[in-house]
Amino acid sequence: MHNLKEIRKDFDAFEKKMQKRSVDINFTKLKDLDLKNREFIQKKEALEKEKKDISKSKDSSLFSKSKEISSSIDKILEKQKIIKIDLEKILSNIPNIPHSDVPFGSSENDNVQIEKYGKIPRFDFKPRSHYELGENLKMLDFDLASKTTGSRFVFVKDKLAFLERALSNFMLDTHTLKNGYQEISPPLLASENSMFGTGQLPKFENDQFEVKLDVGMDRKFLIPTAEVILTNIVKNKILDLKSLPMRLVASTPCFRKEAGSYGKDTKGMIRQHQFYKVEMVSIVEQKKCLEELERMTNCATNILDLLELPYRKMILCSSDMGFSAEKTYDIEVWLPSEDKYREISSCSSCSTFQSVRMKTRYKDQKNEILYAGTLNGSGLAIGRTLIAILENYQKKDGSITIPKILRPYMNNLEKISLN
RNA sequence: GGAGAGAUGGCUGAGCGGUUGAAAGCACCGGUCUUGAAAACCGGCAAAGGGGCAACUCUUUCCUGGGUUCGAAUCCCAGUCUCUCCGCCA
């Protein structure tokens, strides 16, 4: 969310920056509502002052006047409430402003490749897709999942389940032992307010799984990413400068409705309602956002380097970035069966966008209170890493070689083949 | 599920109808002292919002939402969360 005070300073500049996002926002209405809102505040405060003076004077002859003032205040408050709701509604649906580094674009086709890494494997046979490989090994079972649950779920079995678990441990170990992240095992449900804080609500409610709890009225949602719960750890806080940067990592299941992607990636486990992901979150001084983004992205790509998987690094264009992001790098891993790169990690700086929503601040050296910068990135999506290993490490006979770095995590198993 | 207790500033914690935005301590910032540091001492120190070029000033906020009152951190009602005891249980 944007700080209205900042927007007000230069409405036109704000409008101009927002054009890069290609979203339609009623700026005139926003400006108008802000103006009216401030008028009401002034009227209200004048009356409040008057009332306060009466009560301080303890002059009983003025007490009835005070009652009258109270009712006028109520009337103003009522009108102001409507304006405030409108204002909030507009404001909370405005995305973050893209950083000047971000290329302008209208679709994912405008994302810009920064660099390619690793060697694309050559096969002397037609490489199979991960679902063919997994089903042949009898270790991926999509039919069983539709039987027990429904579409876009999968059973991962046997050695592939082992591999999945090994990946989680390997990634967590790397981030905690080498990259300075603190491991967290968080709740998988988030409150409505937490979902608002990171920007999933109110605009993207359709993508979220809401969970009905019997007691209480508070709404709860299954986390679509651990980003939600990790970032909201610092909600409503004024942090000590010494506690920054704060780096957190968690490996959790993630739940997404994938509304609006009907017919997309219906085969295989590229796009599921539930998947494991190792997520990194950093809370930093606002001026250190971009620096931290580079660091975080390197932490993500480092995992691919260690797994010896070929990938490329992309910078997302203005229209392909997430709602809360000011700048995003996508890491795409090579998938031989599709003969192309597919997203396996997304690292974003959200500047102060989320911290304004969450009210996360810190005191700098001068004791000034500033909004914190927040960043999040996958390090990596486990399901998709599993896919990448299956496809890139496949052999002609349908067996899978296990990447060397993972073997210590898998009882020194070297290869997965049909039992 | 049953019975109690509580929620106050960055933190700990007093206050239980009238300059209380809130004692005290810790933390933090500035200063004195010191070769430097620590200790000690002195001073400063809540946030959000509005107005003003500024100095500054006003309003709101003691979990949330209602209510009583001229006036609420303080009284009443509802909700949320936390803790203790009992029961149940992974």
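Labels below follow one simple rule: chain letters A, B, ... track the order of the sequence lines, proteins then strands, and each chain is numbered from 1.
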Rounding to an integer number of Å, can you tell me how far [X] [atom1] sits from [N] [atom2]?
X        : N      : atom1 : atom2 : result
A:Lys235 : B:rC81 : NZ    : P     : 13 Å
A:Lys58  : B:rG17 : NZ    : P     : 14 Å
A:Asn236 : B:rA48 : CG    : C1'   : 12 Å
A:Tyr362 : B:rA47 : OH    : P     : 15 Å
A:Leu239 : B:rC28 : CG    : P     : 16 Å
A:Lys9   : B:rG50 : NZ    : P     : 11 Å
A:Ile41  : B:rA48 : CD1   : P     : 15 Å
A:Glu368 : B:rC45 : CD    : P     : 17 Å

Using atom [atom1] of each nucleotide, how far apart are [N] and [M] to the nearest Å?
N      : M      : atom1 : value
B:rG10 : B:rA47 : P     : 7 Å
B:rU74 : B:rG67 : C1'   : 15 Å
B:rG15 : B:rU57 : P     : 32 Å
B:rG13 : B:rA24 : C1'   : 8 Å
B:rG52 : B:rC76 : P     : 43 Å
B:rU20 : B:rC56 : P     : 22 Å
B:rA27 : B:rU19 : P     : 31 Å
B:rC81 : B:rA39 : C1'   : 42 Å

- Message: Just N and O in the side chain of A:Arg219: are any of them under 4.0 Å from OP1 or OP2 of B:rU80?
- Response: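 Result: no.
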- Message: If the cut-off is 4.0 Å, is A:Lys5 near the phosphate of B:rG49, judged by side-chain N/O to OP1 or OP2?
- Response: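 For A:Lys5, the contact criterion (side-chain N or O under 4.0 Å from OP1 or OP2 of B:rG49) is met.
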- Output all residues satisfying side-chain hydrogen bond (donor to acceptor under 3.5 Å, both in side chains) with A:Glu294, sequence neighbours left out; order by chain, then residue number.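 In terms of side-chain hydrogen bond (donor to acceptor under 3.5 Å, both in side chains), with neighbours along the sequence ignored, A:Glu294 is linked to A:Tyr329.
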- Item | side-chain hydrogen bond (donor to acceptor under 3.5 Å, both in side chains) partners for A:Glu210, two or more places apart | A:Arg219
- Task: Please name all residues satisfying salt bridge (Lys or Arg N to Asp or Glu O under 4.0 Å) with A:Asp53, sequence neighbours left out, ordered by chain then number.
- Result: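 Checked A:Asp53 against salt bridge (Lys or Arg N to Asp or Glu O under 4.0 Å); matches are A:Lys49.
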- With sequence neighbours left out, write down each residue that passes salt bridge (Lys or Arg N to Asp or Glu O under 4.0 Å) with A:Lys44, or none if nothing qualifies. none
Per-pair distances, 0.1 Å, donor-acceptor, side chain in residues 242-250 of chain A, under 3.5 Å, sequence neighbours excluded:
residue	atom	partner	partner atom	Å
A:Ser243	OG	A:Asp240	O	2.6
A:Arg247	NE	A:Glu292	OE2	2.7
A:Arg247	NH2	A:Glu292	OE1	2.9

- Query: With a 4.0 Å cut-off, would you call A:Lys288 and A:Glu285 a salt bridge?
  - Reply: yes
- So does A:Asp86 pair up with A:Lys36, basic N to acidic O under 4.0 Å? no
Nearest of [options] to any side-chain atom of [X]?
X        : options                : value
A:Ser70  : B:rG50, B:rG71, B:rG49 : B:rG71
A:Arg361 : B:rG50, B:rG71, B:rA47 : B:rA47
A:Ser66  : B:rC70, B:rG18, B:rG50 : B:rC70

- OG-CE distance between A:Ser349 and A:Met296, expressed to the nearest 0.5 angstrom: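 Between A:Ser349 OG and A:Met296 CE, I get 9.0 Å after rounding to 0.5 Å.
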- Message: I need the full list of side-chain hydrogen bond (donor to acceptor under 3.5 Å, both in side chains) pairs touching residues 8-26 of chain A, with sequence neighbours left out, sorted by first then second residue.
- Response: A:Glu6-A:Lys9, A:Arg8-A:Asp34
Set out, line by line, the N/O atom pairs under 3.5 Å between protein and nucleotides 9-11 of chain B.
none

May I have the list of side-chain donor-acceptor pairs in residues 370-382 of chain A shorter than 3.5 Å, sequence neighbours left out?
residue	atom	partner	partner atom	Å
A:Thr374	OG1	A:Gln354	OE1	2.6
A:Asn376	ND2	A:Glu227	OE2	3.3
A:Ser378	OG	A:Ser346	N	3.0

- Message: Stem finding on RNA chain B, please: runs of three or more consecutive Watson-Crick or G-U wobble pairs, both distances under 3.5 Å, sorted by first number.
- Response: B:1-7 with B:80-86, B:10-12 with B:24-26, B:28-32 with B:40-44, B:46-51 with B:56-61, B:63-67 with B:75-79
- Going 5' to 3' through nucleotides 64-69 of chain B, assign each nucleotide B (protein heavy atom under 4.0 Å from a base atom), S (under 4.0 Å only from sugar-phosphate atoms) or - (no protein heavy atom that close). ------
- Item | Position toward the 5' end of RNA chain B (nearest nucleotide), A:Asp240 or A:Leu62 |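 Looking at the nearest nucleotide for each, A:Asp240 comes out on the 5' side.
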- Message: Both A:Lys242 and A:Gln42 contact RNA chain B. Taking the nearest nucleotide for each, which residue is further toward the 5' end?
- Response: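 By nearest-heavy-atom nucleotide position, the 5'-most residue is A:Lys242.
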Flag for [Y]-[X]: side-chain donor and acceptor within less than 3.5 Å:
X        : Y        : answer
A:Asp32  : A:Thr28  : no
A:Ser355 : A:Thr352 : no
A:Ser168 : A:Ser251 : yes

Considering only distance and modelled atom types, tabulate donor-acceptor pairs under 3.5 Å from the side chains of residues 155-164 of chain A, sequence neighbours left out.
residue	atom	partner	partner atom	Å
A:Lys157	NZ	A:Asp141	OD2	3.4
A:Asp158	OD2	A:Asn419	ND2	2.7

Just checking [X]: base, sugar-phosphate only, or nothing, at a heavy-atom cut-off of under 4.0 Å?
X        : answer
A:Lys84  : nothing
A:Ile369 : sugar-phosphate
A:Ser55  : base

Polar atom pairs between nucleotides 55-59 of chain B and protein, under 3.5 Å, N or O only, would you list them?
residue	atom	partner	partner atom	Å
B:rU59	O3'	A:Glu48	OE1	3.3
B:rU59	O2'	A:Glu48	OE1	2.5

- Query: Do A:Tyr276 side-chain atoms and A:Arg165 backbone N/O form a donor-acceptor pair below 3.5 Å?
  - Reply: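 The answer is no, because no donor-acceptor pair under 3.5 Å joins these two groups.
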- Message: Which label fits A:Tyr117 and A:Tyr311: parallel for a plane angle under 30°, tilted from 30 to 60°, or perpendicular past 60°?
- Response: parallel
